[in-house]
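Lettering follows sequence order; numbering is per chain, from 1.
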Amino acid sequence: MAAPEAELVLKWEREQARLRESVKEEDTEDWQRSPDFSGLKRVGGVDLSFIKGDDINACAHLVVLTYPHMKVLYEDCKMVTLNAPYVAGFLGFREAPPLLQALEKLKNVQPNLMPQVLFVDGNGLFHYREFGLACHLGVLSDLPCVGVAKNLLHVEGVVRSEEHQSQINALQKSGDSFPLATTSGRVLGKALRSSHSSIKPVYVSVGHRITLDTAVRLTHTCCLYRVPEPIRQVTIATRSSLYPSQRITAVTWIKYVSSPDGGSAPRKDLYSPERQRRPGQLE
DNA sequence: GCGACAG
DNA sequence: ATCTTGTCGC
């Protein structure tokens, strides 16, 4: 891909600054104030995936899972053609349009399944101009959104330094986190150790209509593994659509980890009885 | 100045 | 973002 044109980047920056004013960094929903998120029934995840060698055509996926049991309620997939290139810091202009279309379709065909919060593969306020993809989707859909990035974006003052690595090493158990603060001291996100089995954190930030602490707490309760289930499930779904050969593996994983909402008991080897845990949570 | 830089 | 095979450990 050719270098992004300066003119386009300037236009995008102005648009981000304009939309940034609409981001709500507060808990606007009753369930967000509840200690166990009672009232929260549906969580969503969105993602795009690509075929190797083709960065124009993508598969856009939306899934809706039950909370807290993380059972897939709805799954939608559509092949789309993207108009914008990938430029770090401007993911929203590339990925938001088809994902918003998927939400719009859901509103038309199954409005009762609309998720109460959306997990987004990428950052929210933890972003160069405090307007990552999760904010972009949040503002344009007006849905509560949480950004979860698997890799660290190098925002001002936050880099993969030895200091950062030592903070990661200090995350002892699942649920531990540390703030991601800019040079000016503003906390834009948190690094969260989301599972006992992985030392590598995920980077959680506010997308829209949620506080950072609520976002981190919610993310943790959605994690059976490192990546929160809504994002993990949507990633499995998108990749299965593009690479059917991987479907067998994916289905096996789903069968293995999901706990039936009202049905039979969860697998014993995944849920050791002696320890108290949140529903659907491995550790 | 150059490189780094979510997906 | 994207592919792949095996391998180690609980």
A/Y86 side chain near B/dA6 phosphate (N/O to OP1/OP2, under 4.0 Å): yes
Residue that, paired with A/T211, satisfies side chain to side chain contact (heavy atoms under 4.5 Å, CB included) out of A/D27, A/T28, A/V206, A/V216: A/D27
A/N151 side chain near B/dC5 phosphate (N/O to OP1/OP2, under 4.0 Å): no
Intermediate values then yes/no, side chain to side chain contact (heavy atoms under 4.5 Å, CB included), A/L192 and A/H220: CA-CA 8 Å; A/L192 168 71; A/H220 186 218; 4.3 Å; yes
Between B/dC5 (P) and A/L153 (CG): distance, integer Å: 9 Å
Length of the NE2-P vector between A/H154 and B/dG7, whole Å: 12 Å
Touch class at under 4.0 angstrom, heavy-atom based, for A/Y203 against every strand present: nothing
Test: A/R217 cationic atom under 6.0 Å from A/F37 six-membered ring centre, within 45° of axis: yes
Interatomic distance where CG belongs to A/L48 and P belongs to B/dA6 [whole Å]: 16 Å
A/K150 vs B/dA6: side-chain N/O to OP1/OP2 distance below 4.0 Å: no
Strand-adjacent residues in residues 176-191 of chain A, judged by heavy atoms under 4.0 Å from DNA chain B: none
Output field: ring centroids A/H154/A/Y128 closer than 6.0 Å: no
Short side-chain N/O contact to C/dC10 OP1/OP2 from A/S197, under 4.0 Å: no
Touch class at under 4.0 angstrom, heavy-atom based, for A/F93 against every strand present: nothing
Whole-Å distance separating the CH2 atom of A/W12 from the C1' atom of B/dG7: 13 Å
Rounded distance (Å) that lies between atom C1' of C/dT2 and atom NZ of A/K52: 8 Å
Euclidean distance, atom CD1 of residue A/I236 to atom P of C/dA1 [Å, nearest integer]: 13 Å
Atom-to-atom span, CD of A/E156 to P of B/dA4 - whole angstrom: 20 Å
Exam field: side chain A/T66 to backbone A/R42, donor-acceptor pair closer than 3.5 Å: no
Residue A/S49, side-chain heavy atoms: nucleotide from B/dA4, B/dA6, C/dA1 that is nearest: C/dA1
Touch class at under 4.0 angstrom, heavy-atom based, for A/G53 against every strand present: nothing
Verdict with reasoning, A/H164 to A/F178, per ring-ring contact (aromatic ring centres under 6.0 Å, His included): CA-CA 10 Å; A/H164 183 74; A/F178 64 87; 5.5 Å; yes
Donor-acceptor side-chain pairing of A/D76 and A/H61 below 3.5 angstrom: no
Length of the line joining A/F126:CZ and B/dG7:P, which is rounded to integer Å: 12 Å
